[in-house]
Amino acid sequence: MERLFIASRQEPHMLSDYPYQNASNVAPVNQIQAIQSSSYLYRSVPDNSSTVIESNSIRSIDSTTLNDDKIKKFEVSCPHITPDLIELLRFLRGNNMKKTEDCLRKEFKNLVENITSPSKFPLRCYTRPHDYFEVYQLIVTFILSNIMSSTSANNELLQLLFPLFVHFYIDLIEQQYLEESEQFFNKYTTYFIPYYIEFLLQLRVIKHSSHILRNSLTYALRSSRFLIYLSLTTCNVLQKFIESLILQHHYGYKSQFTPLTQQQTSLLLSIFQTYLKIDIKKQMWKPVNVVRFPVSDIKQSTNNNIDKDGQKQRIDWNNVQIPVFVQHHLTHNFQLSRLFTGVFTTLTRSNDEEISQKRQVNEFSLDKPKRLSQKKLLLQSKYQSNIPPIQRVPLPENKLPISTEDKSNNVNVPRFSSTQLPSICMFTVKNSINQVNCITFSDDCMLIAIGFHSAKILICSIGSTKLKILKCSQTLNSILNNSTLLSGLLYGNLDINEISLEKYGEKSEICLIGHCGPIYAVRFEPVKQSYLLSGSQDCTIRLWSLLTWTCLLVYKQHIQAVIDIQFAPYGHYFASCGADGLACIWVTDKATPVRVYPEHGQIYCVQFHPNGNYFAAACHTNSIRLWDIVQCDNNSLVRLFNGHQKQISVLKFSSCGRLLVSGSYDCSVILWDIQDSVMIANLSAHTDAIIALQFSITGNLLITGGIDYTINIWDFIQIINIYNEKINDESYSDELTKTKNNDNITAQSHIKLASFQTKETPIFDLHVSKQNILYAIGPILSN
Amino acid sequence: MNLPPSWFIEIAHQSLDSTTLKVECTRFLYNELLFTLNSLLIEMRMYARTCKRKQTIVGDFNLALNARNIEPRIHHRLHPSSDEELNLSTMCLMEEPYSQTKIKLIQISIHWLAINGRQPIIPENPSLQNSIDKPVNKVNMKSNPLKFDLTTEHLSPKASVIQKLYEIGRLTEHSPSNKTWSANADQYFIPTNECSNVLQNDSKSNSIIAHELSIEQQLYYKTLTEACFSTNKRVCLEALSSLTTDAAITPLVPRLILFISEGLRVNIILKDLRFIFRLLMMLKKLFENVYVQYLDQLHLVLPSLLTCLLCNFEKNEYILENVDSQHVPNSISYTIWTLREYASDIIQSTVKKLKYLSFLETRILNVIINSMKYREQTYSTVYACIRTLLFIDSSTHLTWIEDYLKQREEVRQQQLHHKVDFDLNSIQQEHLFQEKLTVLLKKFQINDSRTI
């Protein structure tokens, strides 16, 4: 493919035909699309129909001289080129460029001959290891010089550095240049420290070409493409650069960069084509807009992070959008479609929420300028209308979202705010070093479930009530025959639980035994709390009844340890994920999953959106994927979030459904706007991994708990306010923003409201009870 | 291309029982072994993280092996255990983290980590000194130049065998370039100012002060408390009704409760029943107020309240005279018996209201039961205790109360004298006790086993 273009350049008239030269200055929308479909840089987006007729149209390029076997071989060996070829042919025919089309035919014939002949395959084999160094050095100098020369906003090109580095490195190993690969690694890793540290660790592991497919990360990288979004201006810069490379060795055109050989250029282009997908898109995300804690002056650091010497180069990756990568087949379908981020409100609860929202709005308008509160109102109405149809994810009749009455009863529950901080009730599990793997509170804070390394599950009652068990079947039968009891039940005079349950022998804790490996996750069913799910190293998930205290069902699908489970907000569905790279959606009463989402490496945690339509999973590539449960196949992946440096440890959606919060082993908490797919805030006050996240009932406080024995409390509403203000300020003049900047910085330093240390007790779970008391639990690590 | 170290070649030759192994073969084997080992170490880290641990333990490595269907024994056969440096395999047998020998019961304890955003100074919480020390240590660890090890700062290996594994996985891997690498890493390390910020913010958050009352509020407080003790019945009733209905009373609550608890404490010693009664009335009305959150002050008032229920108003000549001279109980409504009933009502309604507070109920019940068991009691306290127990949880205490009454009856028949309160004589009290108890027991359908 890349040779094809190089060759086509030998005909001078081609240049005038070439469309993007004209379009680069004006660039209306349709022309940009034309550029995308024609340019070798861009991978066109074929609709489904074109993939169906693919085989025919490939043959339509050259059906006369080549036989079917060769074309088939070509299709098998170069599947990534075929859609481009078809698109290119379509474009050439559409614009009536016959000479180029002929040229394409010739080139295609040569290419197919080359590939199908046994001795010459693949193209990149001809490159020497030295080429990799030269090409990468050129790219680095190009990108860095570009950043130095331009004033700002050209951090975008930095996105290219890591994808190219990774694939060059893997290429070197693939071709058995082991020593050179090590040199390459050592020479260029300095750019990526400490941001990509976990990736680099894994890359270091592979030592032989046979290892590439056996390591989950490199396998994922090789079967994926990086999605890179550039603004139009940056894209033009990149295009001109590549053009100049091509022109250099055909016309002796001199540029500021050292010339590349033909092989080197084709190496670069082939990497571009196979593993990168570049799209023109206005950047929604700006590093300046992110609310950071602790506050750092970003503007200064962006200008100073690269020295002119070219020796001491350190790139602050916090200011760069980190490109995500997705599987080849998904790259075409991945689009930022509109999502339902609203949350169901039913009649009884809506009044309450309206009141609370009004209160919030009042609070804002008190100390903030008016335009902000108006914008806030707009935002709210926008998101309120954005609620999915209630049965989009079907639920059985009795499990439809109905608000609980208890919440409205508590008039005297204090509303937490920056001045009214919560009380924290701390549970400490003693004598359990290295034995407790997971702990969870039930929704009413009456029960806790502890999963042990010894495959046992312990249920404890933390209230004054003892645990109860269903009466034996005979007594239940007699209840059915008793007419007065039945009528009492019918008219609501009697509680079914009172009649059918009895005390379980004065017990306040019960051990559930059934798994045969360490328990990694336990979850209570959110609505009735009479079920418990547990996931274990033994690859199974078990459903337990908390009325009969027995195991009801064993779910088997995973082929390695189940790492996390999560119930949907209204029960009935649950999600699981495991070390085998499967994320599954299940219905509690079926033994097989209803959805399976395969990934290349481990999936560490899952979380449902509060309206139950989406679920997020944290993958081994330090990125978060958001799937639409209702959509199937290739359209189901709706969002990708990337920005953490290390493994993600916990996910949580905000109660309003607008934001996703993620905690990670890089000690930071990141807030994501789901609809716009941008990072809103990056909070790093912990000194170790964050493993528990929780919101207060009214949703205005964010509480984070970590392995570092700390609970931090954040002013969530203030964070959103600052972010909104920053976005608002963009559209106003510079002078205004300068004065406001200082206000913002002082406001930002106050978003952390409090921090509490425990005595060597990592926080395993956090829960806010309906009485607005924060419960925390963890095992103490000293005796 | 670096050659595999000599020890590896030796081992390979010995274990494969062949002297003709080619260099390429050993090199390949060596690379393969390193790859597997490092992959296992990364997987091991995954298991440690899943268990939310900072450190890896031998068990994690076993799990990683287990996930690949590798039995630890196979390794054991490959490596002869003679060489101390190399017996990686035996570690699986050596350090068993979940040994059965030292079984300690798992306990769960509970304490307040924070009350309204402030950390109480109790032994369960770390002292200030501790919390300052910790982050400093963290920084020292972070500035370690060997950051780019497989041992990241999250996973400092705990077991010595694992440490050895890490060393092998690391040192033999890329020995030639190792030096330059670590130097680079040192250069590009970014110092974190995190910890100083954390500390600063702590001090800020601690400096939030409970706000002072405005002058109007102080006036309100004064009028309210005075009105509650007014002799004018109408004024008194209005004051009490404002205690139940007024939402604006919220900022006064801590002071009011302090007032009540102190008042109760003093007046119980003075045995001024009229004042105690008024104070209890205030407390009851205050607790009925739906807008008021009194959870944080509960610990102030509960001891006084329980004292009202449990204390013996014994005959003390001096005080009795004093009291008699000032406030002779002019109506029956101020007797000790009604006072106990009143206190009992408040306690049981509070317990019921705060049922979600785990251990509040058990704690109160414990206090009552212990005092019944171990303290000599007057008729009225016995009655009040039984009444409270029955109202809080009749089903669990039924049998216990029956037994208690039986025992008490036996003891009573042996002893002639019984402790009594000061207001009535012993025969009157006993009469009243029996009367009230029968009513109570009838209400809860308890078999009256007493012989009167």
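What you are looking at is a predicted structure, and each value in this text was computed from that prediction instead of being measured. Sequence lines set the chain letters: A, B, ... in the order given, protein chains first and strands last, and positions in each chain run from 1.
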Region of Glu124(B) that comes under 4.5 Å of a non-hydrogen atom in chain A: backbone

Gln647(A), part contacting chain B, at a heavy-atom distance under 4.5 Å: both

Inter- and intrachain pairs under side chain to side chain donor-acceptor pair (under 3.5 Å), touching residues 105-115 of chain B, at least two apart: His111(B)-Asn125(B)

Under 4.5 Å from a heavy atom of chain B, the part of Gln183(A) involved: neither

His208(A) side chain to Asn31(B) side chain, donor-acceptor N/O pair below 3.5 angstrom: no

Per-residue contact mode, Ile713(A) against chain B (heavy atom under 4.5 angstrom): neither

Heavy-atom contact with chain B under 4.5 Å, split by part of Cys445(A): neither

Side chain, backbone, both or neither of Pro779(A) within contact of chain B (heavy atoms, under 4.5 Å): neither

Sequence-distant partners of Glu180(A), salt bridge (charged side-chain N to carboxylate O under 4.0 Å, His left out), two or more places apart: none

Salt-bridge contact Glu32(B)-Arg27(B) (side-chain N to carboxylate O under 4.0 Å): no

Arg204(A) NZ/CZ over Phe185(A) ring centroid, <6.0 Å and within 45° of normal: yes

Proximity breakdown for Pro123(B) and chain A, heavy-atom pairs closer than 4.5 Å: backbone

Any donor-acceptor N/O pair, Ser432(A) side chain to Val436(A) backbone, under 3.5 Å: no

Side-chain donor-acceptor pair present, Gln176(A), Ser209(A), cut-off under 3.5 Å: yes

Chain B contact via Leu458(A) - side chain, backbone, both or neither, heavy atoms under 4.5 Å: neither

Atom group of Ile519(A) that falls short of 4.5 Å from chain B, counting heavy atoms: neither

Heavy-atom proximity to chain A below 4.5 Å, by part of Leu365(B): neither

Side-chain donor or acceptor of Asp708(A) paired with backbone N/O of Thr687(A) under 3.5 Å: yes

Side chain / backbone / both / neither for Ile559(A) at chain B, heavy atoms under 4.5 Å: neither

